[in-house]
Structure formats: structure tokens, C-alpha cells
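First comes the structure, then the notes that go with it.
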Amino acid sequence: MATVAPATTDKFEIAGRAFTSRLIIGTGKYRSYEEMKAAHQASGAEMVTVAVRRVPLDRSSESFLDHLNPQLAILPNTAGCYNAEDAIRTARLAREALHTDWIKLEVIGDQTTLFPDNEQTLAAARTLVKEGFIVLPYFTDDLIMAKKLLDAGCPAVMPLAAPIGSGLGVQNPANLAIMREQLPNATIIVDAGVGTASDAAIAMELGADAILMNTAIAEAQHPAQMATAMRLAIEAGRLAYLAGRMPRRLYASASSPLTGTIK
């Protein structure tokens with residue numbers, strides 16, 4: 001009998017770097033550094049995102065940077081930037097201070113919804129790619145914009161599931177499914193809006209390669225337990241996607257076939 005390889009051996013790559021964990025975790029909103037460290041460990045994540053504009057990069061005062069597991073790859077992000085110029089400047093600062101070419105690109109277009117400005121994001125991505133950055137752009141779940149960002153040289157795209165920190169889960173599953181179908185070779189990382197484990201499983205069942213989340217874990221009553229739940233949900237969702245779900249039917253279909261039965 002053939003054995004099924006667990007999701008933990010099903011790696012994916014970004015810019016030539018292989019990852020076993022399909023969960024990228026954040027650093028904000030934790031009630032204490034101890035809670036953050038426990039959640040990070042429970043998550044099994046191999047990459048952690050850091051808001052460059054919200055931390056003293058010169059280490060002049062204590063911050064979560066002092067409490068990160070050194071084995072975690074740091075993914076700086078440009079959270080808090082509202083135009084391409086600010087995002088580019090912030091990315092350059094992150095590269096100098098954190099010694100990495102990786103950047104999660106965020107250019108926000110609206111202060112209330114925190115929806116991204118796709119046009120400014122694309123403009124910043126084009127500049128940063130030319131400067132040698134590995135750009136992972138956060139954008140709305142728009143297939144055409146995904147194609148443009150990939151054409152600009154981004155090795156992965158990060159469509160939202162719902163507004164940042166909302167916990168609403170995947171609001172437009174058709175958009176993510178279409179993106180997966182139309183971009184079969186692209187690396188798609190769902191970012192923002194996941195609230196609980198079932199949300200993560202749904203995103204993975206739709207074909208996402210990975211999920212980036214922060215608030216869902218940090219604001220849980222028990223962050224480490226939620227991190228464990230998210231890890232398992234992502235593995236389950238990935239396995240379900242690989243397995244291929246049964247077709248949806250309008251009417252019932254008997255579990256036991258009638259052919260060959262005793263009459």
C-alpha cells in the first residue's frame with residue numbers, strides 16, 4: 001500500500017530558498033515577549049515578519065527583536081507606508097539594518113480599511129526588484145495585479161483574505177481559486193484576515209502555498225495553542241488540496257453502490 005507523505009515534507013520555495021513550514025508568523029500585538037516566543041515555537045514557522053517602522057533597528061531600546069529565535073528568518077515589512085516612495089525608503093533601511101534583501105511590501109491606500117494601494121505597490125515593487133530585493137507584495141485578491149507583480153519580478157504574491165486584523169476569514173474564495181488556476185506555477189501566500197484554524201484550512205484547500213498571519217494568533221486567549229491549531233490546519237488544508245476533493249453535487253449520491261447487491 002502506498003504511503004502518503006505528510007504535509008511537513010511537502011516543501012515550497014521562494015527565490016530558491018526552500019521552506020518546510022507553510023506558516024509565516026508575525027511579531028505584533030502579543031501581550032508579552034514570553035507569549036510571543038511560545039507561540040513562535042508552537043507554530044513551527046521558519047520565517048517571521050517584522051514591521052520596520054515600528055521597531056528600533058539600532059537596538060537602542062528593548063524590542064521583540066531581542067526575543068526572536070535566531071533560527072527564524074526575518075522578513076522585514078513596510079507596514080505603515082502610504083506611498084511608493086516611503087515603502088522604497090523603508091525597504092532600503094531594512095536591508096541596511098537587518099542585512100537582508102527580503103522585504104514584504106505593503107503600501108496602504110486607506111487608513112480605515114487598511115486596503116493596499118495596488119498601483120503604488122506595483123510601482124514600488126518594480127523599483128525594489130531592480131535594486132536586488134526579493135519582494136513579497138501584499139495586495140488585494142486581484143488576478144490581473146498578481147500577473148503584473150509577477151511580471152515585475154516578484155517571486156511570490158500575497159493576496160489578502162480579508163482586511164488586516166479583521167479575522168473575517170477568506171471573503172472571496174472564488175478569487176483565490178481563480179488565481180490558483182490561472183497562475184499554476186506562481187507562489188501564492190495568503191496574507192491578512194485569517195481568524196481561526198478553519199480559515200487557514202480553507203485558504204490552503206483553495207490552493208494557497210502558504211499563509212502569513214499575526215493577529216489571529218497574537219490576540220487569541222492562548223496564543224501558543226492557537227499557533228499549534230494554525231500549524232495543524234495548514235497541514236490539513238494542504239493535504240486536502242493535494243488529495244483532490246470530491247465534486248460537489250446538487251443531489252445525494254449513495255455511499256454504498258446498488259450494483260452487485262443481493263436482491
Side-chain angles (χ1 to χ4, degrees), residues 14-17 19 23-30 33 36-37 40 45-111 113-140 145 148-160 163-165 187 189 191-192 210 212-215 217-218:
I14 304 175
R17 179 168 182 170
F19 294 91
L23 171 58
I24 302 171
I25 201 165
T27 49
K29 300 184 178 180
Y30 286 96
Y33 295 136
M36 182 191 75
K37 289 191 288 186
H40 285 184
E46 297 166 295
M47 181 180 289
V48 59
T49 187
V50 172
V52 177
R53 302 185 72 176
R54 297 169 184 165
V55 64
L57 295 177
D58 60 1
R59 305 297 180 99
S60 58
S61 61
E62 184 182 22
S63 73
F64 53 75
L65 286 176
D66 301 303
H67 297 271
L68 293 180
N69 185 329
Q71 294 182 341
L72 285 171
I74 293 180
L75 175 64
N77 70 62
T78 62
C81 293
Y82 283 82
N83 57 64
E85 291 75 17
D86 281 349
I88 292 167
R89 189 181 308 111
T90 301
R92 290 168 178 164
L93 175 63
R95 178 160 63 181
E96 181 177 347
L98 299 174
H99 310 291
T100 178
D101 292 327
W102 289 60
I103 194 76
K104 179 195 168 188
L105 177 60
E106 292 184 33
V107 185
I108 301 301
D110 178 73
Q111 291 187 358
T113 63
L114 298 183
F115 282 141
D117 184 326
N118 285 350
E119 292 181 358
Q120 290 289 297
T121 299
L122 180 59
R126 286 171 171 160
T127 296
L128 293 172
V129 167
K130 290 178 181 177
E131 294 184 7
F133 283 90
I134 297 168
V135 181
L136 309 184
Y138 163 69
F139 68 113
T140 55
M145 184 54 62
K148 290 180 179 180
L149 289 164
L150 292 168
D151 288 343
C154 298
V157 290
M158 305 181 76
L160 57 76
I164 293 173
T187 298
I189 303 170
D191 179 17
L212 189 153
M213 67 179 74
N214 180 70
T215 307
I217 295 175

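Atoms considered below: every heavy atom in the structure, side chains included; atoms not considered: hydrogens, waters and symmetry mates. Model, not experiment: these values are computed from the prediction.
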Is it true that atom CD of Glu131 has more than 12 heavy atoms of other residues, nucleotides or ligands lying nearer than 6.0 Å?
yes

Using the test side chain to side chain donor-acceptor pair (under 3.5 Å), find all partners of Thr127 that sit at least two apart in sequence or belong to another chain.
none

Of all residues at least two apart in sequence or in a different chain, which pass the side chain to side chain donor-acceptor pair (under 3.5 Å) check with Asn214?
none

Could you work out, with side chain to side chain contact (heavy atoms under 4.5 Å, CB included) as the rule, every residue matching Leu122, not counting sequence neighbours?
Arg126, Met145, Lys148, Leu149, Ala152

I'd like to check the side chain to side chain contact (heavy atoms under 4.5 Å, CB included) partners of Leu150; sequence neighbours left out, ordered by chain and number.
Val157, Leu183, Ala186

The side chain to side chain contact (heavy atoms under 4.5 Å, CB included) partners of Gln120 (sequence neighbours excluded) come to Asn83, Ala84, Glu85, Val107, Asp117

Return the set of residues passing side chain to side chain donor-acceptor pair (under 3.5 Å) with Asn69 (not counting sequence neighbours), or none when no residue passes.
none

Looking at residues at least two apart in the chain, or sitting in another chain, which of them share a salt bridge (Lys or Arg N to Asp or Glu O under 4.0 Å) with Asp86?
Arg89

Quick one: side chain to side chain contact (heavy atoms under 4.5 Å, CB included) partners of Ile25, sequence neighbours excluded?
Tyr30, His40, Ser43, Ala45, Val48, Ile217

What pairs with Lys29 under salt bridge (Lys or Arg N to Asp or Glu O under 4.0 Å), at least two apart in sequence or on another chain?
none

Can you name the residues that form a side chain to side chain donor-acceptor pair (under 3.5 Å) with Thr140, not counting sequence neighbours?
Asn118

Residue list, salt bridge (Lys or Arg N to Asp or Glu O under 4.0 Å) with Asp101, at least two apart or on another chain:
Arg95

